[in-house]
Amino acid sequence: MRVLAALLLVLPAFAHAQIGVDITFGPTVSWTEDVSGFQFDPEDPDQAPIGDPQTFSTPASIGFEAGLGVIVMPGPVGVRAGVHFLNTSAVLDEEGNRFNRQSLDASFVTLQLDLRAGKALGPLHAYVFGGPEFRYLVDLSDEDVTFVSARQEASLISTAATFGAGLTLNAFGTKLGPKVSYSLDLTGVEGRDLVLDDGTAVRFDEAYSLDTLLFGIVLGGR
């Protein structure tokens, strides 16, 4: 009965809520934390690791993010649920190789659930947001950086906390504006074997965090 009573109190607010759909796209910068691991012989992956554990770092990479979201605003505070595609290393050099050949190239489908608060400033609408992001690993390889049997050995689902701010201009029937968000990896990605293009083969003994900074453009919304 208490749950039913709570729903009856909430439903009138959502009945008058402003609902919008937005499209987000833009470049990202991603980086990983330093990770502990062993070097091993890629020709004999079952061989014992070589030497003592070492700390390996992966340079930052430039990628992109694009996605679709639904926003429900019963008042100045509301929620957004969105599905996005995130690639961490999409930039190529003049010869068609990865811009940073030792950077991490990974692709995720993400589910974002944000609590947001906004305020109208004339034709502008400013907002801040934050909430969990659930990532599903769909690809973790390219010709320069290769994870061996990544999808069989990696943990495919990871969790991040995403927060940021945006500004929407409502003019001539179109809503458009910039958005900046930062995703802090909470659980890490568990890839096992990594072979760099310089021939170094690394076997991680722990998960590594993948943090992402998005500079996006949002079309639509409320």
Side-chain angles (χ1 to χ4, degrees), residues 1-30 62-88 90 106-139 155-187 189 209-222:
M1 292 297 294
R2 291 181 179 178
V3 175
L4 180 59
L7 288 175
L8 292 176
L9 291 174
V10 171
L11 284 177
F14 276 88
H16 298 88
Q18 298 186 46
I19 300 176
V21 176
D22 67 6
I23 298 174
T24 302
F25 56 92
T28 62
V29 179
S30 300
I62 302 174
F64 72 93
E65 183 173 333
L68 180 68
V70 176
I71 304 169
V72 180
M73 298 289 291
V77 178
V79 295
R80 176 186 183 272
V83 177
H84 289 223
F85 178 80
L86 168 65
N87 175 269
T88 64
S107 297
F108 300 85
V109 172
T110 71
L111 172 63
Q112 300 178 0
L113 301 174
D114 297 333
L115 181 67
R116 58 178 50 206
K119 182 177 179 60
L121 303 171
L124 298 176
H125 180 79
Y127 60 92
V128 294
F129 59 91
E133 176 180 299
F134 304 97
R135 297 172 173 174
Y136 179 77
L137 179 66
V138 293
D139 179 63
S155 175
L156 300 183
I157 298 177
S158 56
T159 304
T162 298
F163 50 91
L167 194 64
T168 302
L169 172 64
N170 188 355
F172 306 107
T174 301
K175 297 178 180 179
L176 181 70
K179 167 184 173 181
V180 177
S181 67
Y182 173 65
S183 296
L184 175 66
D185 197 337
L186 299 177
T187 59
V189 180
S209 296
L210 177 66
D211 299 339
T212 302
L213 182 64
L214 166 70
F215 301 94
I217 297 294
V218 178
L219 177 64
R222 68 152 308 274

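Below, each value reflects all heavy atoms present in this structure, side chains not excepted, and no hydrogens, waters or symmetry copies.
When all heavy atoms are compared, the tightest approach of Tyr127 to Pro178 is OH-O, 4.4 Å. Taking every heavy atom of both residues into account, Thr162 and Glu133 meet most closely at OG1-OE1, 3.0 Å. Taking all atoms of both residues into account, the shortest heavy-atom contact from Asp114 to Gly131 is OD1-N, 4.0 Å. Across Leu214 and Pro27, no two heavy atoms sit closer than the pair CD1-O, 3.5 Å. Taking every heavy atom of both residues into account, Val77 and Ala117 meet most closely at CG2-CB, 4.1 Å. Across Ala165 and Phe129, no two heavy atoms sit closer than the pair N-CE2, 3.4 Å.
Here CZ of Phe108 is found 11.5 Å from OH of Tyr136. Values are rounded to the nearest 0.5 Å. Distance CG/Leu111 to OG1/Thr159: 10.5 Å, rounded to 0.5 Å. Expressed to the nearest 0.5 Å, how far CG of Asp211 lies from OH of Tyr182 amounts to 3.5 Å.
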What verdict does the side chain to side chain contact (heavy atoms under 4.5 Å, CB included) test give for Leu113 and Phe134, after you've listed the backbone C-alpha separation in whole Å, the side-chain angles of each residue and the deciding distance to 0.1 Å?
CA-CA 9 Å; Leu113 301 174; Phe134 304 97; 4.2 Å; yes

Derivation and outcome, side chain to side chain contact (heavy atoms under 4.5 Å, CB included), residues Thr24 and His84
CA-CA 8 Å; Thr24 302; His84 289 223; 3.9 Å; yes

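The aromatic rings of Phe85 and Phe64 sit tilted, their planes meeting at an angle between 30° and 60°.
For the salt bridge (Lys or Arg N to Asp or Glu O under 4.0 Å) with Asp22, the qualifying choice from Lys179, Lys175, Arg80 is Arg80, the only one to do so.
Between the side chain of Ser183 and the backbone N or O of Ala160, no donor-acceptor pair lies under 3.5 Å. Side-chain atoms of Asp185 come within 3.5 Å of backbone N or O of Leu210 as a donor-acceptor pair.
Looking at Thr212 and Ser30, their side chains do bring a donor and an acceptor atom within 3.5 Å of each other.
Looking at Leu86 and Thr28, their side chains come closer than 4.5 Å, going by heavy atoms from C-beta outward. Side chains of Val83 and Leu68 form no contact here, defined as non-hydrogen atoms less than 4.5 Å apart. Under the 4.5 Å side-chain criterion, counting only non-hydrogen atoms from C-beta, Ile71 is not in contact with Val79. The shortest side-chain heavy-atom distance between Leu176 and Leu169 does not fall under the 4.5 Å cut-off. Inter-residue side-chain proximity for His125 and Lys119 is flagged as unmet; no heavy-atom pair is nearer than 4.5 Å. For the pair Val70/Ile19, a side-chain contact is recorded, criterion being any heavy-atom separation below 4.5 Å from C-beta on. Leu213 is listed as a side-chain neighbour of Val180, based on a closest heavy-atom distance under 4.5 Å.
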